[in-house]
Amino acid sequence: MQEVLQYLFSGLTNGAIYAVIAVGFSMLYSATDLINFAHGEFVMLGSLFLVTLWGAWQIPLPIAFLLTVACVALTGLLFERFAIRTVRKPQPIVLVIITVGASIFLRGVAMILWGKDAYSLPPFSNQPPLELAGATLLIQSVWIIVISLLLVFGLHLFYRRTLTGKAMQATAISKRAAWITGIPAGLMVLLAFVMSTGVGAVAGMIIAPVTMCSYDMGTLLGLKGFCAAMLGGIGSLWGALLGGILLGVLEALGVGLISSALKDGVAFILLLLILYFRPGGLIGAAESARF
Amino acid sequence: MLRIKNLRCYYGRIMAIKGVSLSVMEGEIISLIGANGAGKSTLLEAACGLLPSWKGEIDFQGNSLKGCDGPAIVRKGISLVPEGRLIFPPMSVTDNLKLGAYTRYRKRQHAEVARDLEMVIDLFPILRERANQPAGTLSGGEQQMLAIGRALMARPRLLALDEPSMGLAPLMVEKILDTLQLLKKEGLTILLVEQNAQAALKIADRGYVLETGKIVLQGNASDLLSDVEVKRAYLGKDYEEFYEGRD
Ligand SMILES: Nc1ncnc2c1ncn2[C@@H]1O[C@H](COP(=O)(O)OP(=O)(O)OP(=O)(O)O)[C@@H](O)[C@H]1O
Ligand SMILES: [Mg+2]
């Protein structure tokens with residue numbers, strides 16, 4: 001029983017991270033119908049920027065956190081402006097290939113800037129681990145879960161309550177309809193890139209203390225986040241949260257109760273199952289579920 | 001107010017508008033009628049910044065609209081009620097209306113927008129009852145009212161409508177046309193695109209008949225209405241019965 005609880009804790013921690021990555025995929029997808037295969041690389045940039053700003057330069061964590069988000073979001077902005085916007089005939093397949101190209105490019109740049117070494121960071125604070133019913137919960141896990149929930153809830157409020165959030169939703173529903181309403185759809189798409197990569201940076205930062213950070217960490221994280229997004233229903237905020245947590249928990253239980261060889265397989269088995277039985281995802285099936 | 005001169009629009013190599021000129025004066029209702037595929041929507045899209053390129057001249061209040069994108073044209077004072085309405089189905093009726101005022105919120109005109117929201121809801125009381133419902137759950141007629149309301153929220157000087165009667169019951173069409181007349185009395189200029197010539201010409205001051213990308217007839221609405229030429233040029237044989245049957 002204790003063991004299961006322990007697996008659950010580790011599953012929740014990983015799941016929260018997958019959820020944040022999935023949210024990034026979903027935000028961009030609902031605004032542009034594009035799957036950004038470079039998203040994992042933005043997560044990686046979040047980790048490595050924090051390694052430099054907080055780990056190496058000792059900038060206070062809150063400031064380093066915000067600076068990292070700003071740097072990564074700026075990279076996202078440049079990505080949209082120079083790689084996506086400039087495409088003459090923006091057919092989906094062309095754009096997807098561009099994002100794949102961008103992921104290779106970003107990995108290469110990161111390898112030049114940070115080298116091939118793996119870095120680690122201390123937890124965000126150094127309280128002792130929490131003991132709950134005989135299982136331990138690392139303090140960084142608490143940070144991860146709290147920050148991801150706050151992020152998803154904050155984004156929910158943004159989409160529901162602010163004019164810009166509603167305008168982004170409107171653009172996601174129909175660019176043409178947004179356009180005739182006076183909403184600058186191009187700007188909303190740019191904003192979606194900036195926010196989605198910024199959210200990716202947050203995922204990269206909260207995971208940094210519990211993993212080894214290196215230039216090639218983004219690929220697998222990106223794939224896991226993508227699976228989580230598909231699982232919950234891409235385009236849906238709560239779907240991303242649900243998909244992430246579910247994936248994390250099932251993965252941890254699979255590893256703990258069956259075999260550690262299963263770890264990365266779980267995601268892909270789930271992906272295949274969901275695509276086969278419910279291609280719209282668990283809660284993303286209906287149009288009205290978009291954010 | 002709106003002056004179009006020798007407009008030509010292309011879809012690839014196909015010329016959909018072949019040199020159209022028309023004008024809309026302040027305070028008028030102008031009807032543009034034509035059959036399926038005549039190019040009515042294309043013409044409106046050109047004027048509303050929805051086409052990537054067109055040739056010729058379009059002036060609004062003395063300024064050329066060349067190179068203006070959709071949002072810029074909304075800010076200049078032209079709002080479009082598009083074919084098929086294009087409301088935002090999952091969002092609430094109120095949110096749909098508020099988004100109509102997007103450009104004005106950006107100009108910090110919150111108080112005026114709130115007043116206009118009341119005005120629109122008074123104009124279409126059914127929208128008050130439906131205020132918190134997702135717009136997609138509304139009936140066709142209600143959605144059309146919402147689309148008009150959303151366009152009005154931008155406080156346009158010229159309201160362009162693309163076949164607002166499409167798919168609606170005659171009673172609902174009547175209601176919408178009455179509303180347009182009311183809006184005209186309050187000083188709004190209206191460009192009404194319709195296939196339903198009979199209904200559209202009844203409330204219009206002047207009309208144009210478009211056929212395969214060209215204006216084939218123009219003049220006073222009442223003259224056009226009685227002009228048998230209209231029946232021949234636009235309504236065609238198939239429509240004759242329908243046309244007679246309506247009155
Ligand atoms: N996106 C497009 N690509 C290619 N051709 C188009 C496109 N849209 C319209 N056309 C063509 O341009 C011509 C004019 O179309 P348009 O939609 O403006 O007509 P319409 O008068 O609005 O017709 P309807 O009454 O059916 O709405 C038609 O021959 C149509 O086939
Ligand atoms: Mg049309």
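The figures here come from the full heavy-atom set of this structure, side chains too, leaving out hydrogens, waters and symmetry mates. A, B, ... follow the sequence lines: proteins, then strands. Residue 1 opens every chain.
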Given the options A:P184, A:G186, A:A185, A:G182, which has more heavy-atom pairs under 4.5 Å with chain B than any of the others? A:G182

Counting only heavy atoms not in B:Y11, do more than 12 fall under 6.0 Å of its OH? yes

Toward chain A, the part of B:N96 with a non-hydrogen atom under 4.5 Å: neither

Looking at B:S79 and B:A151, would you say the former's side chain and the latter's main chain have a donor-acceptor pair under 3.5 Å? yes

Do the ring planes of A:F153 and A:H156 sit parallel (below 30°), tilted (30 to 60°) or perpendicular (above 60°)? parallel

B:I190 and side chain to side chain contact (heavy atoms under 4.5 Å, CB included): which single residue from B:L161, B:V24, B:I203, B:I30 fits? B:L161

Below 4.5 Å, heavy-atom pairs only: which of B:R104, B:K98, B:R106 has the largest tally toward chain A? B:R106

